[in-house]
Amino acid sequence: GGGSSGGHKATYAFVSNGVDPFWTIAESGVKAAAADLGVHADVLMPAAGAVEQKSMLEDLLTRGTTGIAVSPIDSANQTDFLNMVAENTILITQDSDAPDSNRLVYIGMDNYDAGRACGALVKEALPEGGSVMILVGRMEQDNARRRRQGVIDEVLGRSHDPTRFDAPGSPVVGEDFTILGTLTDQFDRAKAKANAEDTLARNPDISAMVGLFAYNPPLILEALEQAGKLNEVKVIAFDEADRTLQGIIDGTIHGTVVQNPYMYGYKSIEVLKAIHEGRDHGAGDDGFINIDARQIRKDNVEEFWADLKKKLGKE
Amino acid sequence: MISFLSKLTGPQNDGMKRILGIFVLLMMVYVVTAIINPNFLGSYNQENLIRRTSLFGILGVGVAFVIITRGIDLSLGSVVCLVGVGVPWLIIDQGWPVPVVILIALGLPAVIGFCHGLLITKLKLQPFIVTLCGLLMYRGITRGFTGDQTAGFGTELKGLRWFATGEIPLRIGLDIPVPAVILMIIAILAGIFLNRTIYGRYMLALGNNEEAAKFSGINTDRMIILAYVISSGLAGLAGLLFVLDVNLAQPVDFGNFYELYAIAAAVLGGCSLRGGTGTILGVIIGTALLQVLRNMMNMAFLGFQRAEFAVIGAVILSGVIADELAKRAVARKRAAQKQK
Amino acid sequence: MISFLSKLTGPQNDGMKRILGIFVLLMMVYVVTAIINPNFLGSYNQENLIRRTSLFGILGVGVAFVIITRGIDLSLGSVVCLVGVGVPWLIIDQGWPVPVVILIALGLPAVIGFCHGLLITKLKLQPFIVTLCGLLMYRGITRGFTGDQTAGFGTELKGLRWFATGEIPLRIGLDIPVPAVILMIIAILAGIFLNRTIYGRYMLALGNNEEAAKFSGINTDRMIILAYVISSGLAGLAGLLFVLDVNLAQPVDFGNFYELYAIAAAVLGGCSLRGGTGTILGVIIGTALLQVLRNMMNMAFLGFQRAEFAVIGAVILSGVIADELAKRAVARKRAAQKQK
Amino acid sequence: MGKSFPGVRALKDVDLHIRKGEVLALLGENGAGKSTLMKILSGVQPRDEGDILIEGENVAIRGVQDALEHGISLIHQELNMATNLSVGANIFLGREPKKRGLIDETTIFTDSKAYLNRVGLDVDPQTVVGDLPIGRQQLVEIAKALSVKARILIMDEPTSSLSQNETNTLFQVIKDLSSRGVSIIYISHRLGEVEELADRVTVLRDGENAGDLLHSKINHDAMVRLMVGRDISQFYARTIHEPGNGVLEVRNLRTPEHPEHELNFSLKAGEIVGMAGLVGAGRTELLGTLFGVTPAVNGEITVCGEATAPQSPEEAIKAGIALVPEDRKQQGLILEMTVRENLGLASLKQESPKGLFLNDSREGEITQKIIQKMSVKTPSDRQVVQYLSGGNQQKVALGKWLAMEPKVLLLDEPTRGIDVGAKQEIYGLMEDLAKRGIAILFVSSEIEEVLGMSDRTLVMHEGRITGELSRDELNEESIMQLATDNPNAA
Ligand SMILES: Nc1ncnc2c1ncn2[C@@H]1O[C@H](COP(=O)(O)OP(=O)(O)OP(=O)(O)O)[C@@H](O)[C@H]1O
Ligand SMILES: Nc1ncnc2c1ncn2[C@@H]1O[C@H](COP(=O)(O)OP(=O)(O)OP(=O)(O)O)[C@@H](O)[C@H]1O
Ligand SMILES: [Mg+2]
Ligand SMILES: [Mg+2]
């Protein structure tokens with residue numbers, strides 16, 4: 001724990017939009033960068049939404065933090081506040097952007113595109129089409145919304161339009177595919193599992209389930225296993241939970257789309273330090289640094305997992 | 001059967017009456033959901049419902065003891081978190097031997113409850129504050145030692161997980177989930193303890209009037225401590241079963257809000273927060289009602305999933321209102337008859 | 001000054017003593033944090049702290065009235081959500097005129113409180129159940145009508161937002177945030193209401209012994225309803241100020257758990273959940289303690305951020321334990337003196 | 001007037017009338033319906049049938065506020081105070097004087113001081129009521145009723161926890177009020193008081209009128225006959241006991257409340273020792289210390305030769321000491337539980353197999369026996385104690401110790417608020433218990449009772465035992481001298 005106040009030594013902070021394994025991977029990226037670059041960096045994760053994120057940022061300003069990389073919870077409404085932060089310190093965004101603010105750089109990817117990549121996996125898994133349920137933590141997050149829309153648009157073969165929005169309650173029917181609905185769980189794991197179970201109870205002949213938050217696919221697997229329906233219902237995943245990767249190896253999950261949170265973390269610190277020292281940070285005029293999402297299938301899963309473990313210092 | 005039930009509900013003579021209203025409500029929700037979606041009654045869904053009710057029911061039975069002694073336990077959800085995250089973390093990440101971890105999982109919560117009880121009785125601190133601090137601390141500690149990492153068993157420990165996910169086949173086409181058997185045993189023991197042993201009687205007595213109980217020679221402090229030990233201990237067991245069922249637990253939100261569900265179930269099932277009344281059967285029916293309502297939303301009203309909690313709240317509220325109005329109508333009728 | 005303070009704490013003559021312990025704890029946290037990080041005392045941080053304390057303090061003052069009448073209000077957080085999300089949604093997304101929306105934001109919660117009060121007094125339902133259903137319903141309704149979308153003002157309504165973000169410059173180098181002025185006005189009115197008017201007296205009386213109050217010809221039902229109206233009404237005001245401050249509100253978590261913070265602050269500040277005692281000043285000090293503790297974690301112990309809640313819980317618990325032990329030591333000393 | 005509760009018909013066609021300035025005594029056994037009738041008059045409970053007429057006019061009383069407006073004020077049998085508020089705040093609760101919309105504390109202070117003076121209570125109106133012992137709270141309750149300036153003042157057993165001195169002051173107040181035209185309905189089980197005070201007596205029996213007595217006809221026997229329906233002879237059924245071996249020895253005991261005094265006394269087997277003193281003399285506290293409620297600061301307590309220092313009632317009971325407390329509502333009974341559960345509570349452990357499981361049939365046997373022995377009036381042993389009349393509640397509070405065999409029985413105001421018949425039964429019980437060799441120490445504020453029942457009497461004053469009177473020395477005079485610590489004492 002540091003009591004180092006600003007001025008002498010540069011300190012950086014990486015602020016997430018919640019608490020999640022996703023961010024723990026980012027955290028190891030931050031720590032790695034801090035070690036590599038010889039700087040001090042803290043990771044803060046607000047557990048209670050926008051109100052807490054605001055007071056965290058305020059408190060970081062008080063401490064005199066040199067630079068902050070933040071994942072805004074809702075960019076449109078946080079613009080003014082982010083501008084105030086940007087006035088007092090170096091501000092960049094990561095994971096999700098605040099395009100109208102005075103942030104200097106955005107490190108991330110497009111969730112709509114990632115969603116379409118996930119949708120492509122669904123089509124691969126079900127060449128004949130079928131019925132699909134989407135399970136997600138919550139829907140009011142911009143990234144969740146765009147990701148889900150990307151899946152739907154790709155599966156139904158629609159045009160590229162990130163602003164489209166289908167109501168989550170009612171089914172969306174296409175030629176080959178039917179999206180039965182979208183279930184949210186508010187991060188309650190028991191509820192997430194119950195959602196998967198209830199889906200099986202309600203639609204015994206469902207063809208696939210898509211889990212959009214890191215913990216959804218493992219819980220879908222649990223439900224399927226207990227119902228004796230492993231391999232009967234296809235599972236398409238998002239993110240890189242251990243169980244998800246194991247499922248891909250075992251063949252119970254068709255594939256997953258992974259972002260690169262480790263790089264979000266690493267790059268954030270690298271870029272903040274570069275800006276602080278007045279060096280080039282490698283972003284273009286729009287300040288966007290793209291970190292691609294990848295599709296992981298049975299063929300590349302082992303290599304990916306080994307690399308991930310190395311980064312997390314697990315092996 | 002009836003007499004067995006009444007043994008579980010005990011000598012408080014309005015016990016059965018209190019439960020009746022909530023039971024009728026439960027039945028109504030059942031019927032409505034079954035009509036809208038016949039899959040609701042399918043054995044797969046019923047088994048799921050029974051398993052969920054059993055897991056949450058263990059929490060409810062535990063907190064009922066605390067409520068009966070006029071206390072409250074807000075730390076349940078965090079104890080669930082501590083155990084639910086701690087067990088896979090110790091076994092998988094730290095490689096501790098399973099029996100040792102299970103022992104800790106069941107023993108540590110009891111120690112926690114003991115500490116709560118000590119602070120509440122010997123230092124006369126308010127239960128609300130003590131257990132609120134518990135709520136904050138145990139989750140915080142869990143987040144601290146795991147570094148907020150998700151813990152889970154992966155594909156291991158299938159044997160142990162049988163306790164949460166296993167089923168005992170019956171001839172009737174419905175398999176009984178193992179947690180239901182566990183809850184049944186706990187409920188019967190709890191019912192006997194509360195209604196057929198002197199300690200249960202002591203708890204009911206001191207919940208009504210602690211001073212008078214003390215003046216009758218009851219060691220009220222010991223009884224109160226015991227209630228908190230039961231409550232935390234069962235929360236630990238529930239936490240263990242939850243993680244065995246779900247297979248992964250994240251420190252930041254595992255068990256979040258479960259104390260409120262448990263307390264709500266107990267209160268719905270006839271426990272008064274003023275202490276001194278409560279039945280085990282009622283608590284289980286209350287728990288079942290909450291679980292069936294959540295299931296109903298997914299089975300029958302998917303379009304309203306967002307408003308799930310609104311519907312649950314509204315159903316519970318109209319249930320207790322209807323119950324109260326019905327009781328009054330009956331009382332009025334009886335009074336009118338008497339006058340003739 | 002002292003006499004003014006004692007007017008705020010009222011006729012319960014141990015009011016000041018109850019507050020003292022928590023006040024000492026607050027001061028200790030202040031000193032420790034200031035030593036570790038001198039920026040803590042900087043005006044920017046102090047203004048932030050004052051603003052946060054003011055917003056949460058409004059909630060605390062409201063719930064104190066309910067607690068004094070021996071009730072509880074678990075719906076506060078959801079009322080904050082309803083108003084905090086509803087106001088930007090109506091103004092920005094639905095284009096309603098600002099004055100109308102403000103009127104609704106302040107009026108609707110009062111109506112909600114009135115309904116709670118009616119159910120609790122006329123139907124004799126348990127406050128815990130009624131307000132728990134409120135907790136479930138108002139958030140659920142909010143999620144329903146907004147479709148779970150975040151609502152916010154974007155860059156508009158700067159004028160109105162002054163009430164939450166504005167500051168009144170003082171000569172002393174510290175600007176006073178506007179919410180602090182609002183809280184001050186509310187606290188003084190609440191203090192006078194509670195301690196200097198008959199209605200406050202009635203609330204204190206009925207919280208201690210409802211029957212005695214009734215026998216004295218007091219319309220206890222009306223007083224209890226009033227307490228819930230105050231509680232919900234102030235929660236509505238707080239919700240409005242919260243969203244004006246933060247500028248955005250998500251239905252799913254805006255105001256989550258705030259009822260527990262508010263109740264904890266009130267109880268730390270000397271309100272007993274057994275009813276009949278409580279001081280407004282104490283509630284504000286209790287709120288300040290919670291906020292300063294959270295700030296301390298960010299200012300001084302950033303590396304332990306995960307264990308933030310563990311630390312807060314531990315500090316509060318050791319605070320109340322130390323307070324209790326100190327009181328006992330004093331009592332023992334006095335008894336020993338008496339013997340001589 | 002008629003009133004029914006579930007399972008009980010409390011009042012049947014009862015008539016009651018009172019003239020201006022009259023002191024009407026309302027008598028009846030426990031559960032006769034006196035309190036119920038008065039609660040109806042004062043708007044606390046609704047009536048089923050009947051009318052209330054004031055000066056010929058039929059008045060509707062729907063709540064306490066209505067009754068107060070008609071000038072009817074009630075002093076409740078069971079204390080009802082907001083114990084968190086000050087004495088002054090309680091006196092004026094619901095009728096606070098206001099100045100500019102705010103409560104006028106100064107007026108409350110001065111006025112309540114005056115009312116307190118009138119009832120002879122010397123406490124600061126700013127004292128919190130909860131800090132006062134129960135006897136003093138009773139006086140505050142009376143002061144409160146006086147402050148209403150009622151036309152009809154109802155007193156439901158106002159003296160049940162008062163001693164001679166306070167009672168005398170109260171009588172002064174009552175006489176003063178009646179001479180100013182206030183009508184007073186006075187309920188008491190202390191027949192001596194009634195003889196002294198009442199202009200007229202109305203007696204209820206089982207919820208019905210049993211008859212009236214005019215001033216000239218008021219005497220003990222006549223009242224008893226109307227109440228019970230038969231004569232009760234030999235009220236204090238005392239035989240002189242041969243005290244046996246010493247059972248309780250108290251040496252140099254210091255109580256936490258009065259640690260400056262050392263207390264010494266002893267009890268012998270089969271002895272009944274009375275303890276007299278004024279309200280607040282510290283008798284309740286002494287019993288509390290013996291019973292482990294407020295453990296002693298130091299000193300020795302020996303029961304049958306074995307030293308004990310009870311830190312809790314549990315330990316005291318183990319040592320063989322039992323206590324029937326003064327405050328039966330708070331300490332003696334669990335009002336929400338049944339007669340059976342209350343009677344069984346203290347002896348559960350010793351009656352249960354393996355000290356764990358309840359023994360239903362045994363419990364039933366024991367409770368039936370106690371109910372019969374003490375003639376507790378209750379529809380069944382499953383009746384909730386709350387709904388019993390005061391006297392029957394007291395019998396239950398005492399009865400729970402009968403299932404055990406205590407060596408020392410401490411009774412704090414054992415006949416507080418119970419009727420003549422029940423009193424006699426309780427005296428009979430004390431007598432029985434003494435014969436079985438139990439040592440009994442009973443605190444009483446009713447001097448007659450102390451005179452009638454005790455083999456020996458201890459007198460306390462301000463936390464000190466000021467004297468011990470043998471049966472020969474015992475008379476009202478000698479007790480009062482010691483109780484007020486008059487240096488001219490014998
Ligand atoms: N709330 C109630 N519910 C049921 N029964 C009641 C209730 N209140 C009183 N009773 C019954 O009504 C009868 C009359 O009781 P009441 O209190 O009026 O007697 P009382 O004459 O005042 O006796 P005591 O001298 O012991 O005070 C009793 O049998 C009592 O058990
Ligand atoms: N003048 C006084 N003013 C206030 N309190 C007093 C006064 N004298 C005694 N007390 C208090 O009275 C209490 C003793 O009351 P206690 O109930 O033990 O007496 P008691 O002899 O049993 O009287 P009672 O007949 O009321 O039961 C003590 O707490 C003592 O501090
Ligand atoms: Mg009576
Ligand atoms: Mg006494």
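Order of the sequence lines fixes the chain letters, A, B, ..., with proteins taken first and strands second; residue numbering starts at 1 for each chain. These values consider heavy atoms only, across backbone and side chains, with no hydrogens, waters or symmetry-generated copies.
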Margin query: With a 4.5 angstrom heavy-atom cut-off, is it the side chain or the backbone of B:Leu132 that approaches chain C, or both, or neither?
Written below: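 Looking at B:Leu132, just its side chain touches chain C.
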| message | Can you tell me which portion of B:Ser272 sits under 4.5 Å from chain C's heavy atoms? Options are side chain, backbone, both or neither. | response |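 Both backbone and side chain.
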Original post:
Does a side-chain heavy-atom distance below 4.5 Å link C:Arg274 with B:Arg70?
Top reply: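 With C-beta onward as the side chain, the pair touches.
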Would you say B:Leu136 and C:Leu317 make side-chain contact, with heavy atoms under 4.5 Å?
->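 With C-beta onward as the side chain, the pair stays apart.
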Nearest atoms (heavy-atom pairs only) where B:Cys133 meets C:Gly313 =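 Closest approach of B:Cys133 to C:Gly313, heavy atoms only: SG-O, 3.5 Å.
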Looking at B:Val315, B:Ile263, B:Val252, B:Leu135, which makes the most heavy-atom pairs under 4.5 Å with chain C?
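It is B:Ile263.
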Taking B:Pro251, B:Pro127, B:Gly147, B:Ser78 one by one, which has the highest count of heavy-atom pairs under 4.5 Å against chain C?
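Max contact count across the listed options: B:Gly147.
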Check: In terms of heavy-atom pairs under 4.5 Å, which option from C:Ile316, C:Leu273, C:Ile72 contacts chain B the most?
Finding: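 Maximum pair count with chain B is reached by C:Leu273.
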Task: Which of C:Leu260, C:Leu325, C:Val130 touches chain B most, by non-hydrogen pairs under 4.5 Å - done: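 Heavy-atom pairs under 4.5 Å are most numerous for C:Leu260.
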Inset, instruction - Answer yes or no: is there a donor N or O on one side and an acceptor on the other, between the side chain of B:Gln126 and the main chain of C:Val267, under 3.5 Å? - result: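 No, B:Gln126 side chain to C:Val267 backbone: no donor-acceptor pair under 3.5 Å.
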- Query: Atom CZ of B:Arg139 and atom CZ of C:Phe309: how far apart are they, to the nearest 0.5 Å?
  - Reply: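 Interatomic distance, B:Arg139 CZ to C:Phe309 CZ, rounded to 0.5 Å: 10.0 Å.
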* Please round to the nearest 0.5 Å and tell me the distance separating atom CG of B:Leu123 and atom CD1 of C:Ile321. =>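 Between B:Leu123 CG and C:Ile321 CD1, I get 6.0 Å after rounding to 0.5 Å.
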*asked:* Less than 4.5 Å to any heavy atom of chain B: does that hold for the side chain of C:Arg328, its backbone, both, or neither?
replied: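 Contact with chain B: side chain only.
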> Where on C:Leu125 is there a heavy atom nearer than 4.5 Å to chain B: the side chain, the backbone, both, or neither?
Replying inline: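 When you check distances to chain B, only side chain atoms of C:Leu125 fall under 4.5 Å.
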Practice problem: Check the surroundings of atom CZ in C:Phe257: do more than 12 heavy atoms from other residues, nucleotides or ligands lie under 6.0 Å from it? | Solution: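 Atom CZ in C:Phe257 is packed in, count exceeds 12.
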